Amino acid sequence: MNGNLVLKTVEALSKPACKLIDAVSSSIGQAYRPRYIKRMSDAKAYEIKTISQALKDNSDLPISYNSEGVSVDSSNFEELLKRTGKRLAFQELKKQENLENIVDSAFIELQSSDKDVDADVDPDWMSRFINSASRISDYEIQGIWSKILTGEILRPNSYSLRVLKVLEDISQSEALTFSKMSKFIFSHLGMYNDDEILAKHAIEYSDLFALEECGLINVSGFIMYTKPLEAGKREILFRTKNYVLIGLSSDKNIEFAIPQYPLTEAGKGLIKIVRPDNEVDYDFLIDSTKKIKATAKNSTISLHKIVALDNDGTIRYDKESLI
């Protein structure tokens, strides 16, 4: 490839895609080329060969194991080294394949982005991501990790190292359970904690406990989501993509409280991936907000359809309440 062609190729990349290449290259020590990454097994193969030779050269008596414990036996030493080398090489190749699948998917998405990205991804975060992502072989979970990488490139510090640690251990079934439950979760509130509402919508406590065990939601104890309401002033209690819940204190400043099962930091990160539109099941939204309104004290609660979002962050909504 001549210099002019290389230059044209680089110029054809979007800025987020270039950021991805820089971030990955800084951690794995070589330039990333989507779908054509050179396998990194050469270094590991050399390492295996060197260590094996050193063991062989410095071992006066080859080691083997029998019914009496550790003993010496030179008959299978070469075969043992070969099997060890093949196993390690296979493991490293599999890790590289996992990583390439994830990074390639992120590249495809970032290449279509026109967002101006100036901040760099933290090298320590990128190193941890690569180490963790290389262990993810499930196709569905790889999709989640690709979204994490995409989000971090577009907005560095979106996902903490703690989030990566939690998500590294999540199985496909747990991810599917969370995806199924996500339509009943308010991003800032968590899941509304009311036995009657949960039972009506067939939300199983076994699923909630499973999600708690893998570190995505907290169902222990009685936890409240609180929002200060100033007397006579309308405040947004929470919002979804299309709806906003408004609270109005009657005659004094109060601390409005809603019982909840809050998301953990990892849960908040994951829900942005499995439910990017931030919309809640409509029937669940209506039932939950009606119950919140019925149990509210010293305040008026109303649910409204969002009409527009202004550039300054102001939310405009229909005056008529849906509850």
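Nothing here was measured: the structure is a model prediction, and the numbers come from that model.
The main-chain N or O of Phe186 is never found under 3.5 Å from a side-chain atom of Tyr192 such that the two would form a donor-acceptor pair. The main-chain N or O of Gly215 is found under 3.5 Å from a side-chain atom of Thr264 such that the two form a donor-acceptor pair. In terms of modelled atom types and a separation under 3.5 Å, the side chain of Glu109 and the main chain of Lys147 share no donor-acceptor contact. Glu168 contributes no side-chain N or O that, together with a main-chain N or O of Ser132, makes up a donor-acceptor pair within less than 3.5 Å. A distance-only check finds no donor-acceptor pair linking the side chain of Asp318 to the backbone of Glu320 [under 3.5 Å]. The backbone N or O of Asp194 lies less than 3.5 Å from no partner atom in the side chain of Lys291, so there is not a single donor-acceptor pair. Arg275 contributes a side-chain N or O that, together with a main-chain N or O of Ile185, makes up a donor-acceptor pair within less than 3.5 Å. Without hydrogens or angle criteria, Ser146 side chain to Gln142 main chain gives no donor-acceptor distance under 3.5 Å. Not a single donor-acceptor pair under 3.5 Å links the side chain of Ser179 to the backbone N or O of Ala175. Side chain of Thr289 to main chain of Ile286: a donor-acceptor pair is present (N/O by atom type, distance under 3.5 Å, no hydrogens or angles).
Rounding to the nearest 0.5 Å gives a distance of 11.5 Å between CG of Leu248 and CG of Asn298. For the atom pair CD1 of Ile153 and CD1 of Ile148, the computed distance is 12.5 Å after rounding to the nearest 0.5 Å. Taking CG from Asp281 and NE2 from His201, the interatomic distance works out to 6.5 Å, rounded to the nearest 0.5 Å.
Side-chain contact check for Lys95 versus Leu99: every heavy-atom pair is 4.5 Å or farther apart. Residues Leu20 and Val121 form no side-chain contact, since every pair of their non-hydrogen atoms from C-beta on lies 4.5 Å or further apart. Side-chain contact between Tyr261 and Ile223 is absent, with no heavy atoms from C-beta onward closer than 4.5 Å. Counting heavy atoms from C-beta outward, Thr314 and Leu309 have side chains that stay 4.5 Å or more apart. Within the 4.5 Å cutoff, no side-chain heavy atoms of Ile246 are placed close to those of Ile301. Under the 4.5 Å side-chain criterion, counting only non-hydrogen atoms from C-beta, Leu208 is in contact with Met181. Residues Ile203 and Asp207 have side chains not in contact (no heavy-atom distance under 4.5 Å, counting atoms from C-beta outward). When side chains are defined from C-beta on, Ile292 does not count as touching Ile323, because their heavy atoms never get closer than 4.5 Å.
Residue Asp310 qualifies as enclosed at atom CG: its count of foreign heavy atoms under 6.0 Å is above 12. Taking a 6.0 Å sphere around NZ of Lys290, one finds it holds 12 or fewer heavy atoms contributed by other residues, nucleotides or ligands.
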Check the pair Ser158, Glu152 against side-chain hydrogen bond (donor to acceptor under 3.5 Å, both in side chains), reporting the backbone distance first and the verdict last. CA-CA 6 Å; Ser158 293; Glu152 190 69 16; 4.5 Å; no
After noting the C-alpha distance and the side-chain angles of Glu235 and Ser249, does the key distance pass the side-chain contact (heavy atoms from CB on, under 4.5 Å) rule? CA-CA 9 Å; Glu235 294 283 356; Ser249 176; over 6 Å; no
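Following chains of ILVMFWY side-chain contacts shorter than 4.5 Å, one can reach Phe209 starting from Met191, so the two form part of one hydrophobic cluster. Both Leu149 and Leu154 belong to a common hydrophobic cluster when Ile, Leu, Val, Met, Phe, Trp and Tyr are linked at side-chain heavy-atom distances under 4.5 angstrom. Clustering ILVMFWY residues whenever any of their side-chain heavy atoms sit less than 4.5 angstrom apart, transitively, puts Leu164 in the very cluster that holds Ile130. The hydrophobic clustering, which links ILVMFWY residues whose side-chain heavy atoms are closer than 4.5 Å, places Val280 and Ile306 apart. Under the 4.5 Å side-chain heavy-atom criterion for grouping Ile, Leu, Val, Met, Phe, Trp and Tyr, Val244 is not connected to Leu303 through any hydrophobic cluster.
Closest heavy-atom contact between Asn98 and Ser134: ND2-O, 2.9 Å. Here the closest non-hydrogen pair linking Met126 and Ala23 is CG-O, 3.3 Å.
Taking the charged nitrogens against the carboxylate oxygens, Lys268 and Glu265 have no contact shorter than 4.0 Å, which rules out a salt bridge.
Ring-plane geometry between Phe129 and Trp145 is classed as tilted, the angle between the planes lying from 30 to 60 degrees on a 0 to 90 degree scale. Using the six-membered ring where Trp is involved, His304 and Tyr317 have ring planes that are tilted, between 30° and 60° apart.
Screening Ile271, Leu167, Thr177, Leu263 for a side chain to side chain contact (heavy atoms under 4.5 Å, CB included) with Leu216, the sole residue that qualifies is Leu167.
Tyr282 has its ring centre less than 6.0 Å from the ring centre of Tyr243.
Between Tyr205 and Asp195, the side chains place a donor N or O and an acceptor N or O closer than 3.5 Å (distance only, hydrogens not considered).
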